[in-house]
Each structure stands twice: as C-alpha cells, then as structure tokens.
Amino acid sequence: MPHRQILVTAALPYANGPIHIGHLVEYIQTDIWVRFQKLRGHRCVFICADDTHGTAIMIRARQEGRSEEELIAETQIAHERDFASFAIEFDNYGSTNSPENEKLCGEIWQSIRAAELVKEKDIEQLFDVQEGTFLADRFVRGTCPKCKRPDQPGDNCECGQTYAPAELIDPVSTLSGTTPELRAAKHLFIELEQLHGFLDEWTQTDDHLQPEVVNYLKGHFLCDELRDWDISRPAPYFGFEISDSPGNYWYVWFDAPIGYMASTQQWCDKHGKSFNDWWRNDSTEIHHFIGKDITYFHTLFWPGMLKSAGFNLPTKVHIHGFLTVDAEKMSKSKGTFIKAETYLKHLNPTYLRYYYASKLGARLDDLDLNFEEFAAKIDSDLVGKVVNLASRSAKFVADTGLSAEYPDDGGLFEQGAKAGEEVAAAYEQCDYNRAMRLIVELADRANPYVENAQPWNLRKDPEKSQELQDVCTVALNLFRQIIVYLSPVLPRLAKQTTELLGKPIESWDESQMPLVGTPVAKFKRMLDRVNTKSIQAMIEESKDEAAADGPSVADEAAAKYNDDDEALKAEPLAEQCTIDDFIKADLRVARVLTAEDVPEARKLLKLTLGLGGDERRTVFAGIKAAYKPEDLIGRLVVCCANLAPRKMKFGTSEGMILASGPGGEDVFMLRVDEGGVPGQRVH
RNA sequence: GGGCCGGUAGCUCAGUUGGUUAGAGCAGGGGACUCAUAAUCCCUUGGUCGCGGGUUCGAGUCCUGCCCGGCCUACCA
C-alpha cells in the first residue's frame, strides 16, 4: 500500500458557546476518518482550533464585563475537555487568536495584495454611538421599509422582503437600544472574480467536492460574476489588525481557515516537523471536514486564498448535513438541544460514536438521531452481537490462554480478513454506515459458530479441553478481528480488547493474522446496554437547562411573534384577585342555538345559548359588526352563566359571551378546542 | 418559483453496467439452547419497489410526466 501523507481538519468551533451533539457529528466523523488512516499506516495529522474572533465574541465579553482573551481561554478549556471525553483526539488543538495565525494571515495577505486582488471601497453602515461600534446586520432591528412591520431583523422581514439595515425605518441597536447612525467606513475587498477561471476548474474537477456541492456552486455562484468579498472590519473589532491598513481588522472568516495552518504550524514546532512539508508539498493530501452551512467559505474563498498565496489546495472538502433529533431541528424547549457535557452525565460516549457511524454516509443529507433506534442499535449490534462474542467465550480460556495453533474455523477468519478491504474502502469514502453493516455481518457469522461448537458442553468433558480451547480461540479471534475494524469508531472498546487479549491494536493488519498462544485476562464487562431512563433523564436535564436560560427561549419565541403592547396599554392589568374571586364567575361552554339580528339595535345580536339539556340562556351580545348570525349557529362559545340578568331595551340578557378586542368590527370570540362540550365549566 | 437529493417490508436501509422467484438488520410470530449483559441460535409472517406513461425479449434499475418528503435558494441561474 502506498504511503500517504494526510492532513485532516475539522471546522473550528466558535468560541461563543459549548459543544453540543450537533457539533459532535462532525468531530466524530472526522476523528473516525483520522483514526482509520492512522490504523492503515498512513502519516496523518488531525488539526483543529477554536475560532475566536469577531463581533459576537467582542459583544459577549463586553456584556460579561471581561476581556475577550479571558472568555476564549475559558471556552477553549471546555471545548477541549468535551472533545477528549468523546475520544476525539486532535494532534494539535490551537486557537485563531495565536501569534502563528497572525503571522500567517499577514503572509497570505501580502500574497493577495501582490496578486492585485485587493481593492478599497467605502461602505455605509449603521454605527452604535453609545457602544462605539459598527453594527452587523443581526445587531439591528427596525421597521420593514416595505410592509412597515415593526421590530424586524436587520436584513430581512417576515414579509419576505430583504434589505440593508440602513434601509430600516427607525432602526435600533440591539446592543444599546439606541438609534444608530449611518457612517461611512473604508472596507477592503478581495476581487474573487479574478479567480473565477481557477475556481471553475478547481471545483468541477478531480473529485474535490461531492457531486451535489459541485452542482450547487455551479448553479449559485459560478454561473455569474463572483462578488467582491468584504474581508475587513473597522475598529473596534476583536481580531487582528491589518498591518498595512491601520484601524481595520481582518474579518473573522479571513483568519479562521488560516487557523488550520497556524495550528499545523504549532504542531510542526512541537514535533520538529517542517510546515512546508505539509502545506507546500504536492504529495500531501489536505482533507477538510465541514458542515454544509459553511460550504461557500471553504469551496470558493479558501481555495482562492490558498491559490493566490501558493499553498496546497484542498484534496477534498467533505461536507456533511445537520443533525436533527426525531426528524426535527434540535430544540431547547423539547430538550433535544443536548450539550456534550449533559450527554456525558447520562450516557456513554461510545454509544454516540457508534450510532453516528452507523448513520453517516458520504452525502450531505441531514442525520437524524432517533433515540429508540439509538438504543436498539447499541443493544443489538454492539452488546448482543459483538461484545457477546468475548463475554461468552473468554472465561473458558482464562486459565489456558489461546491455543498454540490457530484451529480450523471453517474459513471464518479468512473470510473476515478478506472483507477487510471492503470495509476499508467504505471508511475511506466516509461511507461509515456501510462499514458498520459489513462489520456487524461478521458478528452475525461468528455467533452461530459458537452456537454450533457448544463450548458449554465441551467444558463438562475433561477430554475435550483442547477442543474447548480451540473453539474459544476462534471465537476470540473473530471478536478481535471485528474490534480491529471497529477500532476507528470505538477506540475504548479496542483498548478493552487489548487488555483482554494482551496484544495492542495499532494496525489494520492485526485483522489479517490470528492471535495464538497468548494469555487471556479475566473478562471484564465491556459495554452496558442502553438505559432508556438515562435518555429520558438527559432530555429532561436539557429542558431544565433551557428553562434556566429561560429568557433566551421565551425571547426567541417573542421575537418571532413580535407582539406589541398596544392592547395591554389600552387596558392595563387589573389588580390582583384571589382564586375565590375568580370562581365567583361561572364560565361555561355553550352552543349557539339561535342567533338573530336585532334590527333596531346598533350593535346587538340576540342569541340563545344551550348549556346542554334544557339549560338555556338568552343573551344580547354586542357583536353585530363582527359576526353574521348565520355563521354563529351551532358553534361553541364561552359564556358567563351566573351573571345577574339585566333588562335591556330589547329584552332581558341572561349572560355574557366572552370575547376580546376593542369592539366594533374587532371582536374575537373565545373558541373551545376540539373535545369541549356544552355545559362544561371553564376553570 | 427554481436547483439538488430521495421515495424499496411496520422501522432503518442494500440492491453493482437493465437479466432468473427483489434482499439484510431491527421489530412481529413460532421453536431451541442456557456459555453469555432477559444475551444467542434456528425457522417464519410481511413488499402493486410513490403513481402513470414510454424504451426493451426483459425495468426497482433507463427516459418522461405527475405526486410526496428533505435540503438549498429566492423574482435569480
């Protein structure tokens, strides 16, 4: 097998929040690929870092009254801790806020300047005077210039209109609540269009990208002139100041991918390796793993930057979809927005690694986490089939160890060894679900072998002790072969297997030669079945966490519905009442039996309400302008049934129908949800 | 509205360049075993391959129209 040199990156997590199970799809996917490559004997380095710059970090640090450096240092510790807990093993984990990164940014910047790709333009942007900062779109809200809806986000309105924040009527800064003013500032742009030819070629050839991505780029960007890329932000901005443009900072998306290189640089310095051997070497492969949300930065800008600066271009950008839980977006209120930290309190990380592997393919489809399936897969595949092989045979050979020669197993081990290439190909293509299927098939063949050989009967007969040892030697070797194949996914299980059988699993070739004549340790339980109560507890805890952040969930919803306080102002809240006060009013569900216009009245309709049985009320309701009598007949309403009768000009009214609104045409009667019946009291 | 991907057993999915009677795992049903974490093994029920046309000796597979779902995107390919 030719020896490959492979540099692998996973996207840099933003230092503005904790790692959650959505992030983990990517890091687990990448970690598996890296472990696989290393196991195959390739020289492979796994690089990552925290992405630390930008307005969001600056604002948050300000709100928390501390420095950005303090915030990102704290976040990075948490990130690295979470990754380690899931056995995600980086060769180097850096930070974009590092001297290495600043230096590389400068070098690449100079190359881009030298290639005459940079131009300056004045940009008018809203400026928060109180906070002293320009406002990104998402930090401005105001009235939509088109439909006049108030309190809309800075770039688009729920009416579908898109616009620039400066076009908003009555814009307000979400940072300070003050009205921002329009100010011009110099921005630096990269003229990506100059690289159009190169990008056409690079994106469409050599399998650098998945076919869907190729189509996407062709259809959305490359079919047209490429827009200039605004890569600077005026001060104040948490980032690196542009050396030849004082007062301006590189936009976070300029320095973030360069963070891959900076982190590589750190690794090289630590291990006495040459940076150019990794980033300026045609025989080095560079593989980026990213989510589909950042496709365009990694497939257009980033190759463009690398090309201009004369570095290696990515060999492949592997793009994956998002995580859904029970086919829905992760939701804080439903408890499916699960932080890595929360998961770890309840469930074994091995489960998640296996589950994701069993679901991941080479496409960018979203991956759905279904906890029923999750438990079924772990229990059935891993515990019932794979681990079972060891747990049912190891103790019979704890005293004797494995047989000195590998016995006849009917070709099972050899078959498994041959399947290795197919498994490897699946891993290589990131087709992990196929790899898992192939591996579990091996376990499906191994268990019947044990079944037929009946070691539990053999042990009863002292004369069959050799046969017993042979059977267990086969079972444990088949088990170990499976674990070798699974080891990129389940490193902990591989380690436990090493402890059981003594020989470390450090190479794919371990799957090709059976182990013989070695001691077998006392079997220790390797993996428990999934406790479904723990899943429930985890979801409950995630809900509680979301509730503790309370405002954020409610605020999110409130922002979406954007209800104003006009009605509340028109009728301020009444003074507090007791439950005794409340139950004095007997509110009932009623059916409208008759409804007729009262011609002489300006506002009234005359209704007969049925409370069930013979119980009726005649009610005059001031809803003429809002409802037609014929539309009311038969529908359920809510009325106050014990209101003292009142004589009116046209008869006696024996109750009131409950409705909201200021009156006139704006009257909105209360409706009873499906299932309610006349006569029921409203509590 | 446009683009991309998908629709195969109750669920998750395989089905190679068109080629016998469409497969697997899980779940369901029946039985066996007792070494193993109520694990395992054997047998078994179950499908108009989204729908309609077409090409072909032959279509789950190719072409076409439609329906449904997901993602992306939005008066723009």
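Both backbone and side-chain heavy atoms feed into the values below; hydrogens, waters and symmetry mates do not. Note that the structure is predicted; figures quoted are calculated from it, not measured. Below, read A as the first sequence line, B as the second, and so on, with proteins coming before strands; counting in each chain starts at 1.
Look at CZ on A:Phe396: it is 10 Å from C1' on B:rU34, rounded to the nearest Å. Regarding A:Asp368, its CG atom lies at a distance of 9 Å from the P atom of B:rU12, rounded to whole Å. For A:Ile378 and B:rC26, the CD1 to P distance is 14 Å, given to the nearest whole Å. Atom-to-atom, CD of A:Glu328 to P of B:rG70 comes out at 11 Å; the value is rounded to the nearest Å. If you measure from atom CD of A:Glu373 to atom C1' of B:rG10, you get 14 Å, rounded to the nearest angstrom. Rounded to whole Å, atom P of B:rU73 lies 12 Å from atom CG of A:Leu364. When the C1' atom of B:rC11 is taken as reference, atom OH of A:Tyr355 falls 11 Å away, rounded to whole Å. Atom-to-atom, CG of A:Asp431 to C1' of B:rU16 comes out at 14 Å; the value is rounded to the nearest Å.
Distance noted for atom C1' between B:rA22 and B:rG58: 15 Å (whole Å). With both ends at atom C1', the span from B:rC11 to B:rG7 equals 15 Å, rounded to whole Å. Separating the P atom of B:rA32 from that of B:rU37 is a span of 23 Å, rounded to the nearest Å. Nucleotides B:rC66 and B:rG30 are separated by 48 Å at their P atoms, to the nearest Å. Across B:rA59 and B:rC51, the matching C1' atoms stand 16 Å from one another, rounded to whole Å. Taking atom C1' on both B:rG47 and B:rG15, the two are 14 Å apart, rounded to the nearest angstrom. With both ends at atom C1', the span from B:rG23 to B:rU44 equals 16 Å, rounded to whole Å. Separation of the C1' atoms belonging to B:rC49 and B:rG18 is 15 Å when rounded to the nearest angstrom.
The aromatic rings of A:Phe301 and A:Trp229 lie parallel to each other, their planes meeting at an angle below 30°, with 60° marking the opposite boundary. The aromatic rings of A:His20 and A:Phe337 sit tilted, their planes meeting at an angle between 30° and 60°. Taking the six-membered ring where the residue is Trp, A:Phe374 and A:Tyr351 present perpendicular rings, their angle passing 60° and hence far from 30°.
Between A:Lys359 and B:rU12, a side-chain N or O to OP1/OP2 separation shorter than 4.0 Å is absent. The phosphate of B:rC71 (OP1 or OP2) has no side-chain N or O of A:Arg363 nearer than 4.0 angstrom.
The listed nucleotides are B:rC26, B:rU12, B:rC35; the one nearest the side chain of A:Ala376 is B:rC26. Picking from B:rC35, B:rU37, B:rU12 the nucleotide with the shortest atom distance to the side chain of A:Trp456 gives B:rC35. With distances taken from any side-chain atom of A:Arg437 to the nucleotides B:rC35, B:rC13, B:rG6, the minimum falls on B:rC13. Listed nucleotides B:rA77, B:rU12, B:rC35 differ in distance to A:Cys223; the shortest reach to its side chain belongs to B:rA77.
Pair assignment for B:rU61: none, as no Watson-Crick or G-U wobble contacts are both less than 3.5 Å. For B:rG18, there is no paired nucleotide, since no Watson-Crick or G-U wobble pair has both relevant distances below 3.5 Å. In this structure, B:rU37 forms no base pair with any nucleotide, since neither Watson-Crick nor G-U wobble geometry is met with both distances under 3.5 Å. Nucleotide B:rG69: paired with B:rC5 (Watson-Crick or G-U wobble, both distances less than 3.5 Å). Remark: B:rU12 base-pairs with B:rA24. Criterion, Watson-Crick or G-U wobble with two distances under 3.5 Å.
Under the 3.5 Å distance criterion, the side-chain polar atoms of A:Asp326 are left unmatched by any main-chain donor or acceptor of A:Glu328. Looking at A:Gln210, its side chain does come within 3.5 Å of a backbone N or O of A:Ala362 through a donor-acceptor pair.
Residue-level contact check: A:Leu527 touches the bases, meaning some heavy atom is under 4.0 Å from a base atom. No engagement by A:Phe523 is indicated, since no non-hydrogen atom pair under 4.0 Å with the nucleic acid exists. At a threshold of 4.0 angstrom between heavy atoms, the contacts of A:Val440 with the nucleic acid are absent. Across all strands, A:Arg459 comes closer than 4.0 Å only to sugar-phosphate atoms, never to a base (heavy-atom distances).
For the pair A:Glu441 and A:Lys385, the salt-bridge criterion is not met [side-chain N within less than 4.0 Å of a carboxylate O]. The residues A:Asp224 and A:Arg227 are annotated as not salt-bridged, no charged nitrogen and carboxylate oxygen being separated by less than 4.0 angstrom. Between A:Arg40 and A:Glu428 there is no salt bridge, since none of the side-chain N atoms of the basic residue sits less than 4.0 Å from a carboxylate O of the acidic one.
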Candidate pair A:Tyr343 and A:Phe86, rule ring pair (Phe, Tyr, Trp, His ring centres under 6.0 Å), full reasoning: CA-CA 10 Å; A:Tyr343 176 100; A:Phe86 280 88; 5.4 Å; yes
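The 5' end of RNA chain B is approached more closely, in terms of each residue's nearest nucleotide, by A:Arg434 than by the other of A:Asp528 and A:Arg434. Toward the 5' end of RNA chain B, the nearer of the two residues A:Thr324 and A:Asp365, judged by each one's closest nucleotide, is A:Asp365.
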Please write out each protein N/O paired with an N/O of nucleotides 39-41 of chain B under 3.5 Å, distance rounded to 0.1 Å.
| unit_1 | atom_1 | unit_2 | atom_2 | d |
| --- | --- | --- | --- | --- |
| B:rA39 | OP1 | A:Arg529 | NH2 | 3.0 |
| B:rA39 | O5' | A:Arg529 | NH2 | 3.2 |
| B:rA39 | O2' | A:Gly384 | O | 3.3 |
| B:rU40 | O2' | A:Arg392 | NH1 | 3.1 |
| B:rU40 | O2' | A:Glu451 | OE1 | 2.7 |
| B:rU40 | O2 | A:Glu451 | OE2 | 3.1 |
| B:rC41 | O4' | A:Glu451 | OE1 | 3.3 |

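Of the residues A:Trp508, A:Tyr427, A:Phe36, A:Tyr432, the one that meets the ring pair (Phe, Tyr, Trp, His ring centres under 6.0 Å) test with A:Tyr485 is A:Trp508.
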